[in-house]
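A quick write-up on the structure given underneath.
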Amino acid sequence: MSNCVPKLTTVLLSHRPIALFILTVSFLFFASVMFHWTTGEDAASQVYTLPTQSICEQFFASPPHTIAGGPPPSPGDVFFVETSERINPSYLFTCSVESAARAHPGTRVVVLMKGLAKRNVSLPSHWAFSLLSCFPNVEIRPLDMEELFSGTPLAKWYLQAQPEHQKGRYYLAHLSDACRIAIMWKFGGIYLDTDFIVLKNLKNLTNALGIEAQNVLNGAFLSFKPKHEFIELCMQDFVGNYKSWIWGHQGPQLLTRVFKKWCSISNIQSGMICKGVGALSREAFYPIPWQNWKKLFEAIGSSELHNLLKNTYAVHIWNKLSHDARLEITSQALLAQLYSQFCPATSAQMKKDSEEQSKPVM
């Protein structure tokens with residue numbers, strides 16, 4: 001071996017042009033590989049990569065796409081939006097997306113998160129991202145506000161007066177209101193708040209929203225075709241009648257007043273369809289009124305639960321009111337039963353975490 005090195009050196013020195021050529025080709029090849037590797041990472045950062053099968057096996061006994069049946073794929077995605085900087089999804093957030101993914105196996109479920117906009121490598125290390133990424137129809141993407149609002153009446157509102165709006169007490173809520181109508185206008189499909197538990201496939205609902213209470217509509221669920229005139233009117237009203245000091249003015253109140261103008265009516269009737277836009281009954285999405293949110297944490301029999309939800313597509317959990325309430329995941333509480341039936345992987349994680357927290361400290 002000691003004799004080989006001097007011989008190799010002698011050969012290279014006597015054939016300098018060849019040696020230089022070999023070194024140059026090797027350098028260019030290495031640089032090319034590094035370039036394609038790094039640009040590939042940048043491109044992949046917009047839709048985060050799926051986890052390995054071994055990670056998914058921690059949450060599922062069988063592949064998620066075999067869990068639920070449903071109609072064949074149809075146009076329109078299901079959208080969830082997180083407008084805060086949070087990147088640590090709660091149990092309810094995760095359950096919402098899981099239940100939607102299970103109910104729509106042939107549909108893309110897109111989760112847009114503002115907190116991911118500045119990241120460009122991979123998802124944060126959190127069990128919820130690992131769980132949700134196991135569903136082949138779930139995509140977790142960064143939310144770019146400027147890009148979303150561009151080409152809509154909301155762009156000027158967001159860019160030119162943003163510092164003033166951010167001082168408002170309800171800015172995040174209003175930002176969420178703006179995002180959902182922008183999504184409906186640009187892309188169409190279905191929008192859901194992250195405190196819904198989906199019970200049934202929603203793809204047969206088009207150009208519709210739900211009645212929250214008597215004569216009041218709510219935008220926690222929206223389903224529209226892209227570029228719909230009703231949504232365009234909502235965006236115009238949002239900007240023209242913006243009131244930062246009123247919590248629901250850009251949300252339920254906006255949808256209610258636009259719908260009344262759209263239909264030229266003073267009272268909204270349950271199940272009415274006006275010029276192609278439907279106001280679904282309260283039972284469809286809000287079977288438990290916000291005033292009775294504590295019922296979610298009370299025990300309920302299977303027969304009563306069935307009767308309560310027989311005309312329901314998804315249950316709104318009123319997280320703004322219920323987020324501090326304690327849920328015993330193994331109980332017969334209404335919400336615990338919904339977790340168990342419609343987002344079993346999230347429910348299993350909750351049970352696991354609960355057991356670990358109750359273990360005595362040694």
- If we only count heavy atoms from C-beta on, is the Asn137 to Arg108 side-chain gap below 4.5 Å? no
Side-chain contact, heavy-atom cut-off 4.5 Å: Lys156 with Val239?
no
Going by heavy atoms in the side chains, are Val78 and Val110 under 4.5 Å from each other? no
Glu328 meets the salt bridge (charged side-chain N to carboxylate O under 4.0 Å, His left out) criterion, sequence neighbours left out, with Arg326
Across all chains, not counting sequence neighbours, the ring-ring contact (aromatic ring centres under 6.0 Å, His included) partners of Phe224 are His228, Phe230
Residue pairs passing the salt bridge (Lys or Arg N to Asp or Glu O under 4.0 Å) test with at least one member in residues 210-223, sequence neighbours excluded, are none
Applying side-chain hydrogen bond (donor to acceptor under 3.5 Å, both in side chains) to Thr206 and not counting sequence neighbours gives none
_With no hydrogens and no angle check, just 3.5 Å: does a side-chain donor-acceptor pair link Arg169 and His174?_
no
| message | I'd like to know whether CH2 of Trp127 has more than 12 heavy-atom contacts from other residues, nucleotides or ligands below 6.0 angstrom. | response | yes
- Has Lys310 got more than 12 heavy atoms of other residues, nucleotides or ligands less than 6.0 Å from its NZ? no
| said: Below 30° counts as parallel, above 60° as perpendicular, anything between as tilted: where do the rings of Phe297 and Trp293 land? | reply: perpendicular
| Is a donor on one side and an acceptor on the other found under 3.5 Å between the side chain of Arg282 and the backbone of Pro287? | yes
(message) Could you walk me through whether Ser244 and Tyr170 satisfy the side-chain contact (heavy atoms from CB on, under 4.5 Å) test, starting with their C-alpha distance in whole Å, then the side-chain angles of each, then the deciding distance to 0.1 Å, before giving a yes or no?
(response) CA-CA 7 Å; Ser244 63; Tyr170 305 117; over 6 Å; no
With a 4.5 Å cut-off on side-chain heavy atoms, are Thr94 and Phe129 touching? no
Hits for side-chain hydrogen bond (donor to acceptor under 3.5 Å, both in side chains) against Asn88, two or more places apart or cross-chain, chain-then-number order -> Arg86
> Is it the case that more than 12 heavy atoms not belonging to Lys225 sit under 6.0 Å from its NZ atom?
Replying inline: no
message: Is there a side-chain contact (heavy atoms from CB on, under 4.5 Å) between Trp157 and Met235? Walk through the geometry before answering.
response: CA-CA 10 Å; Trp157 168 83; Met235 292 190 296; over 6 Å; no
Residues at least two apart in sequence or cross-chain that pass side-chain hydrogen bond (donor to acceptor under 3.5 Å, both in side chains) with Ser90, listed by chain then number, are none
Donor-acceptor check, side chain of Trp262 to backbone of Cys274, threshold 3.5 angstrom: yes or no? yes
*Is the number of heavy atoms from other residues, nucleotides or ligands within 6.0 Å of NZ (Lys227) greater than 12?*
yes
Just checking Tyr191 against Phe79, ring centres under 6.0 Å apart?
no
- Task: Decide yes or no on side-chain contact (heavy atoms from CB on, under 4.5 Å) for Phe80 and Ser96, but give the supporting numbers first.
- Result: CA-CA 9 Å; Phe80 291 92; Ser96 297; 3.9 Å; yes
Is there side-chain contact between Asp193 and Val81, with heavy atoms separated by less than 4.5 Å? no
Please list every donor-acceptor pair under 3.5 Å in which a side-chain atom of residues 311-319 meets a protein atom from a residue at least two apart or in another chain.
{"residue": "Thr312", "atom": "OG1", "partner": "Glu283", "partner atom": "O", "Å": "2.7"}
{"residue": "His316", "atom": "NE2", "partner": "Asp195", "partner atom": "OD1", "Å": "3.0"}
{"residue": "His316", "atom": "NE2", "partner": "Asp195", "partner atom": "OD2", "Å": "3.3"}
{"residue": "Trp318", "atom": "NE1", "partner": "Ile288", "partner atom": "O", "Å": "2.7"}

Worksheet item: Quick check: are there more than 12 heavy atoms from other residues, nucleotides or ligands sitting under 6.0 Å from CD of Gln291?
Response: yes
* Within 6.0 Å of NZ in Lys243, more than 12 heavy atoms from elsewhere -> yes
### Message
Tell me whether the rings of Tyr242 and Phe238 are parallel (<30°), tilted (30 to 60°) or perpendicular (>60°).
### Response
tilted
Contacts of Tyr91 meeting side-chain hydrogen bond (donor to acceptor under 3.5 Å, both in side chains) (sequence neighbours excluded), chain-then-number -> Asp353
Residue set satisfying salt bridge (charged side-chain N to carboxylate O under 4.0 Å, His left out) with Glu85, at least two apart, ordered chain then number -> Lys114
Item to complete: Indicate yes or no for a side-chain donor-acceptor contact from Glu298 to the backbone of Ala333 under 3.5 Å, with no hydrogens or angles considered.
Response: no
If the threshold is 4.0 Å, N to carboxylate O, is there a salt bridge linking Lys351 and Glu355? no
By salt bridge (charged side-chain N to carboxylate O under 4.0 Å, His left out), Lys295 pairs with (sequence neighbours left out) Glu304
Here the ring pair (Phe, Tyr, Trp, His ring centres under 6.0 Å) pairs for residues 201-221, sequence neighbours left out, are Phe221-Phe285
Those residues at least two apart in sequence (or on a different chain) that pass disulfide bond (SG atoms under 2.5 Å apart) with Cys179 are none
- request: Check whether the side chains of Lys186 and Ser150 place a donor and an acceptor atom closer than 3.5 Å, and report yes or no.
  value: yes
Under 3.5 Å: donor-acceptor pair, side chain of Asn218, backbone of Gly210:
no
